[in-house]
Amino acid sequence: MLTLTDQDFHRLYTYIQKNYGIDLSKKKQLIASRLSNTLTSQGFGNFSAYVDEILSGRDPDMVTAMLNKLTTNYTYFLREEAHFKYFTDIILPDLEKKHAKDKVLCIWSAGCSSGEEPYTISMYLKEYFGAKASQWDTRILATDISRKILTSAVTANYSSESVSTLPASWQQKYFVKSGNGYSVTPALKQNVIFKTFNLMDPITFKKKFDLIFCRNVMIYFDQATKDALVRRFYNATLPGGHLFIGHSEGLTKATCPYEYVQPAIYRKTAK
């Protein structure tokens with residue numbers, strides 16, 4: 001394993017925190033162990049030259065590859081299933097009434113990783129609206145900072161083990177056998193719009209959202225970064241809209257603009 005000096009460690013984690021909100025200030029050993037093989041394979045003899053190249057910004061793909069190594073893109077279908085029960089039982093009936101005329105829902109999966117979350121949301125939407133689904137625009141915006149992981153999400157090929165967490169009827173309805181695994185059906189794919197997006201950037205999407213999923217993403221952020229992101233989410237949420245975070249996460253009551261609903265579910269006050 002290559003040696004990571006304190007100076008190079010400071011330069012690297014400061015750059016990552018400033019530009020991507022990820023706090024690795026106490027993860028020197030993790031950085032050294034996870035990146036050493038990458039440096040060697042890319043022809044770097046030491047961390048200093050590698051950090052110089054990262055900080056130059058000349059190769060965005062190199063930065064993305066680094067972030068993929070240092071964070072865990074762990075997700076699965078139906079993750080934190082209680083969220084989807086609340087979504088189906090409470091939120092969707094309200095949104096169906098609210099959008100009875102325009103029939104457009106605005107939902108954002110922020111930090112969507114390899115696509116399981118937005119495809120799960122899409123399946124619930126199709127199940128809820130049933131025969132009326134074609135009358136509604138329920139396309140989900142799904143974003144992630146990693147172009148590589150988004151390519152995987154767009155390809156939408158999943159292992160048999162991954163799909164096995166879904167009800168059998170959903171497996172048959174929304175997936176087709178592909179090699180040793182399964183591929184998402186075209187109809188489900190078309191209901192998700194994937195885009196690269198850095199959550200540290202201003203949120204300037206054309207429409208505000210009825211619901212934002214940002215689950216198990218802010219665990220990497222320090223408190224100030226998290227607070228600032230939640231404020232940006234709040235400004236991008238429609239009155240009465242919701243924010244879902246991961247059950248292992250929490251928002252600070254004193255600084256959170258949303259009202260608390262129940263663990264990991266927050267709501268913007270309706271006006």
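Side-chain atoms are counted along with the backbone in the values below, which use heavy atoms only and exclude waters and symmetry mates.
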Stepwise side-chain hydrogen bond (donor to acceptor under 3.5 Å, both in side chains) check, Ser48 with Asn46: CA-CA 6 Å; Ser48 185; Asn46 56 67; 4.5 Å; no

Aromatic plane relationship, Phe84 with Phe213 - under 30° parallel, 30 to 60° tilted, over 60° perpendicular: parallel

Closest contact, heavy atoms only, Pro118 versus Phe194: CG-CE2, 4.0 Å

Nearest non-hydrogen partners of Tyr13 and Ser25, listed with the distance: CE1-CB, 3.6 Å

NZ on Lys226 to CZ on Phe233, rounded to 0.5 Å: 12.0 Å

Minimum heavy-atom distance Thr165-Leu78, with the two atoms named: O-CD1, 3.3 Å

Distance-only donor-acceptor check, side chains Asn191 and Thr138, under 3.5 Å: yes

Spacing of OH belonging to Tyr15 relative to OH belonging to Tyr20, to within rounding of 0.5 Å: 4.0 Å

Validation row: Asn235, Ile203 side chains within 4.5 angstrom (heavy atoms): no

Contact check, side chains of Leu238 and Phe209, non-hydrogen atoms, under 4.5 Å: no

Partners meeting side chain to side chain donor-acceptor pair (under 3.5 Å) with Thr120 (sequence neighbours left out): none

Residue pairs passing the salt bridge (Lys or Arg N to Asp or Glu O under 4.0 Å) test where at least one lies in residues 168-181, sequence neighbours excluded: Glu127-Lys173

Show the atom names and distances, to 0.1 Å, of all donor-acceptor pairs under 3.5 Å that link a side chain in residues 248-255 to residues at least two apart or in another chain.
{"residue": "Ser248", "atom": "OG", "partner": "Asn216", "partner atom": "OD1", "Å": "3.4"}
{"residue": "Glu249", "atom": "OE1", "partner": "Asn216", "partner atom": "N", "Å": "3.0"}
{"residue": "Glu249", "atom": "OE1", "partner": "Gly246", "partner atom": "N", "Å": "2.6"}
{"residue": "Glu249", "atom": "OE2", "partner": "Val217", "partner atom": "N", "Å": "3.2"}
{"residue": "Glu249", "atom": "OE2", "partner": "Met218", "partner atom": "N", "Å": "2.8"}
{"residue": "Glu249", "atom": "OE2", "partner": "Ile219", "partner atom": "N", "Å": "3.1"}
{"residue": "Thr252", "atom": "OG1", "partner": "Gln223", "partner atom": "NE2", "Å": "2.9"}
{"residue": "Thr255", "atom": "OG1", "partner": "Asp227", "partner atom": "OD1", "Å": "3.3"}
{"residue": "Thr255", "atom": "OG1", "partner": "Thr252", "partner atom": "O", "Å": "3.4"}

Worked check of side-chain contact (heavy atoms from CB on, under 4.5 Å) between Tyr86 and Val261: CA-CA 11 Å; Tyr86 189 89; Val261 177; 3.3 Å; yes

Where at least one partner belongs to residues 90-109, residue pairs that pass side chain to side chain donor-acceptor pair (under 3.5 Å), sequence neighbours excluded: Glu96-Tyr128, Glu96-Lys132, His99-Asp102, His99-Asp210, Trp108-Thr143, Ser109-Glu117

Partner residues of Asp201 under the salt bridge (Lys or Arg N to Asp or Glu O under 4.0 Å) criterion, sequence neighbours left out: none

Donor-acceptor contact present, side-chain Tyr258 to main-chain His242, <3.5 Å: no

Heavy-atom side-chain proximity of Cys214 to Leu199 below 4.5 angstrom: yes

Gln171 vs Phe77 side-chain heavy atoms within contact, under 4.5 Å: no

Non-neighbouring partners of Glu259 that pass salt bridge (Lys or Arg N to Asp or Glu O under 4.0 Å), sequence neighbours left out: Arg267

Any side-chain heavy-atom pair of Phe44 and Val51 under 4.5 Å: no

Closest non-hydrogen atom pair, Leu188 against Ser122: CD1-OG, 3.3 Å

Polar side chain donor-acceptor pair, Thr38 to Tyr50, under 3.5 angstrom: no

Partners passing ring-ring contact (aromatic ring centres under 6.0 Å, His included) against Phe87 (at least two apart in sequence or in another chain): none

Atom of Pro60, atom of Gly57 and distance for their closest heavy-atom approach: CD-O, 4.2 Å

Spacing of CG belonging to Leu12 relative to CD1 belonging to Ile31, to within rounding of 0.5 Å: 5.0 Å

Stepwise side-chain contact (heavy atoms from CB on, under 4.5 Å) test for Ile149 and Cys112: CA-CA 9 Å; Ile149 202 72; Cys112 67; over 6 Å; no

With Thr151 via side chain to side chain donor-acceptor pair (under 3.5 Å) - residues at least two apart: none

Main-chain N/O of Lys148 paired with Ser152 side-chain donor or acceptor, under 3.5 Å: no

Side-chain (Arg215) to main-chain (Arg79) donor-acceptor, under 3.5 angstrom: yes

Heavy-atom pair of closest approach, residues Thr88 and Leu92: O-CB, 4.1 Å

Pairing residues for Asp52 by the salt bridge (Lys or Arg N to Asp or Glu O under 4.0 Å) criterion, not counting sequence neighbours: Arg11

Over 12 non-hydrogen atoms of neighbours within 6.0 angstrom of CG in Asp59: yes

Ile54/Met62 under side-chain contact (heavy atoms from CB on, under 4.5 Å): CA gap, chis, key distance, verdict: CA-CA 7 Å; Ile54 288 291; Met62 180 183 287; 3.6 Å; yes

Any donor-acceptor N or O pair under 3.5 Å, side chains Ser146, Asp144: no

Aromatic ring proximity, centroids under 6.0 angstrom, Tyr119 and Tyr174: no

Residue list, side chain to side chain donor-acceptor pair (under 3.5 Å) with Asp6, at least two apart or on another chain: Lys28

Lys85 side chain to Ile90 backbone, donor-acceptor under 3.5 Å: no

Those residues that, when tested against Arg232, pass salt bridge (Lys or Arg N to Asp or Glu O under 4.0 Å) (two or more places apart): none

Between CG on residue Asp8 and CG on residue Leu2, distance to nearest 0.5 Å: 11.0 Å

Minimum side-chain heavy-atom gap Asn180-Ser160 below 4.5 Å: no

Close side-chain approach of Leu70 and Tyr220, heavy atoms under 4.5 Å: no

Non-neighbouring partners of Ser183 that pass side chain to side chain donor-acceptor pair (under 3.5 Å), sequence neighbours left out: Asn157

Phe244 and His83 aromatic ring geometry - parallel, tilted or perpendicular at 30°/60° bounds: parallel

Interatomic spacing from SG in Cys106 to CG in Leu211 - rounded to 0.5 Å: 11.0 Å

Test log, rule side-chain contact (heavy atoms from CB on, under 4.5 Å), inputs Thr64 and Thr196: CA-CA 11 Å; Thr64 298; Thr196 54; over 6 Å; no

Over 12 foreign heavy atoms within 6.0 Å of CD, Glu161: no

Heavy-atom check, side chain of Ile107 versus side chain of Leu125, under 4.5 Å: yes

Distance (rounded to the nearest 0.5 Å) between Arg34 CZ and Lys27 NZ: 8.5 Å

